[in-house]
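The figures that follow rest on heavy atoms only: side chains count, while hydrogens, waters and symmetry mates do not. Letters go in sequence order (proteins before strands), and every chain restarts at 1. Given the structure is predicted, the values throughout are model-derived calculations rather than measurements.
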There are 2 protein chains.
Amino acid sequence: MTQATNVTPLFNDLAKIERDHTVACQECSLYRLCLPLGLHNNDLVRLDTIIKRSQNYKRGHILFTDEQPFKSLFVVRSGSFKTTISASDGREQVTSFYFPGEFIGLDAIHQSEYQSNAKALESSSVCELPYDMLQEIGEEMPQLQIQMLTRLSKELAGDRNLMLLLGKKTADEKLATFLLSLSKRFQERGFSATDFQLSMSRSDIANHLGLAVETISRLFSRFQEEGLISIAGKALSVQNIEKLKQLCG
Amino acid sequence: MTQATNVTPLFNDLAKIERDHTVACQECSLYRLCLPLGLHNNDLVRLDTIIKRSQNYKRGHILFTDEQPFKSLFVVRSGSFKTTISASDGREQVTSFYFPGEFIGLDAIHQSEYQSNAKALESSSVCELPYDMLQEIGEEMPQLQIQMLTRLSKELAGDRNLMLLLGKKTADEKLATFLLSLSKRFQERGFSATDFQLSMSRSDIANHLGLAVETISRLFSRFQEEGLISIAGKALSVQNIEKLKQLCG
DNA sequence: TCGTTTCCATGATCCACGTCAATTTCTGTG
DNA sequence: CACAGAAATTGACGTGGATCATGGAAACGA
């Protein structure tokens, strides 16, 4: 995750995670946002043994593409990622952005290949969960299974909301909804809900919301004129969160 | 499912299911499309004991709304359903249509309330799976857990494709993609891939695809003129499936 | 540090699809 | 079978956001 302007205890922990890729689940500050939530100690230790912690990847690193065989799920440890799917003619849709504690690859479980392409938006690292091993230890850990189902279900519900956004909302509403979703997720991770860095480009945002880059540019400018936000490059500051909420529809 | 014009063995079985709501999983013709797939006999019998089979519901019957507590998942036994989610201002998005063997309610697993509204599009029946019981027997049936994960994952992948459709495709491409998706699902269920009844209204289709009703009407007319389909009321016949596939993008 | 590329902002123009309106056709009900 | 309300079709017109075009500002690799 891009460094936020106000530093919180969780942020310090995240910085530690970034430096040290041996931190076990037990000591990981993402604990309450992550898979292990609700696992008993023995189970947690066991889960820990199957997790592979990655080195730091740099911006642009490709985690997987939709042509590769599905082997593992990934949890973001630090940084952020985007996933895309592509139509046969090359058009792409940015399906989601992922922040620390979130799962990447869940849509591939039913197939032998990944269903999307995942790319790092900034310097990032992940925990890799080999799916066959996950399934194996899952047989004896109902809590783990429940966690997995919960994750998937949450993601599904999120996607449905995005369908509402894509199908029914105006450009203004789309951007307002998107910014508030970011704000909420940063807050859950102990960052400021109002001041943060956008790790994705304008064109990623545009694509994700079903708009053109130019529209996003214009909206950022207008939102700024109207005192809703203030934005300079990638640094965003929400000035009037209430008005932004009203805009969502 | 609405009666298709060409009758196949599976169709006859489906007709039987519609009449007799006591058919056990073991004898159900949906077996290979449904949850029990891959379960051993003992497990199947056990699963069978927790399933409640509904009477026939008629068109317009509401299975659940997003205000009700989440208790059960549902599998369509006969007929079809639509699910919608609504924005705070009342706008609605049709998130999905469901046919026999498909699961409704998966997006609610992580919550105490349903996340959407489910309504019968025609005379329909369902199998009800109380989620607490499912979880209970799931602890001892890894195959069942895997099935559930697979289902959820498949639904997720489907939603991602719909995001591509909503975000990037033109009206023509949207309708072509939708018709082909219906065609494929009918075929999987033993019906004709080219001749079937649309159980949903034009406005449901329009809403689902992020278009206006009028646009759907015009497209149906134009597709007909161009020899792609022939449509009379709810009866659709695909005339040129190849051309339709090209249109999808 | 420079040169190159990618990203971003903003104005001018255009068009795919929405909206409005007027019929027509279907569907369900007494 | 008739009638009322809902659903679907078709045309005329308007518009939100795409596209095209240009110039400036970052980011990046050598």
With B:E102, which of B:R151, B:K154, B:R189, B:R77 fulfils salt bridge (Lys or Arg N to Asp or Glu O under 4.0 Å)?
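By the salt bridge (Lys or Arg N to Asp or Glu O under 4.0 Å) criterion, B:E102 pairs with just one of B:R151, B:K154, B:R189, B:R77: B:R189.
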
Quick check for you: name the first and last nucleotides of DNA chain D, 5' to 3', having an atom under 4.0 Å from a heavy atom of chain A.
D:dG17 to D:dC28

So how far is it from B:T194 OG1 to B:L236 CG, rounded to the nearest 0.5 Å?
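So the OG1 of B:T194 and the CG of B:L236 are separated by 9.0 Å.
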
Around atom NZ of A:K168, are there more than 12 heavy atoms of other residues, nucleotides or ligands at under 6.0 Å?
yes

Check the surroundings of atom NZ in A:K169: do more than 12 heavy atoms from other residues, nucleotides or ligands lie under 6.0 Å from it?
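Counting neighbours around NZ of A:K169, more than 12 heavy atoms of other residues, nucleotides or ligands fall under 6.0 Å, so yes.
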
What residues from residues 200-211 of chain B pass a heavy-atom cutoff of under 4.0 Å to DNA chain D?
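Here the set is B:S201, B:R202, B:S203.
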
Is there a residue in residues 160-183 of chain A whose heavy atoms reach under 4.0 Å of DNA chain C, and which residues are they?
none

With a 4.0 Å heavy-atom cut-off, tell me which residues in residues 214-226 of chain B come close to DNA chain C, sorted by residue number.
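The stretch gives B:E214, B:T215, B:R218 as the residues lying under 4.0 Å from the strand, ordered by number.
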
Closer than 3.5 angstrom, by distance alone: can the side chain of [X] be matched with the main-chain N or O of [Y] as a donor-acceptor pair?
X      : Y      : answer
B:N240 : B:G227 : no
A:S183 : A:A193 : yes
B:K234 : B:Q197 : no
B:N207 : B:V94  : yes
B:T83  : B:S116 : no
A:K243 : A:L228 : no
B:S199 : B:L121 : no
A:E226 : A:F223 : no
A:Y114 : A:S72  : yes

For [X] and [Y], which I'm curious about, is there any donor-acceptor pair between the side chains at under 3.5 Å?
X      : Y      : result
B:N117 : B:T65  : no
A:S230 : A:S237 : no
A:S125 : A:S78  : yes

Assign each of B:I231 and A:A212 the nucleotide of DNA chain D bearing its closest heavy atom; nearer the 5' end lies the nucleotide of B:I231

Compute the angle between the rotation axes at the two ends of the helix from C:dT1-D:dA30 to C:dG30-D:dC1, each taken over five pairs, rounded to 10 degrees.
60°

Distances for protein N/O vs nucleotides 23-30 of chain C N/O pairs under 3.5 angstrom?
none

For B:F74 and B:F64, take the angle between the two ring planes, folded into 0 to 90°, and tell me which bin it lands in: parallel under 30, tilted 30 to 60, perpendicular over 60.
parallel

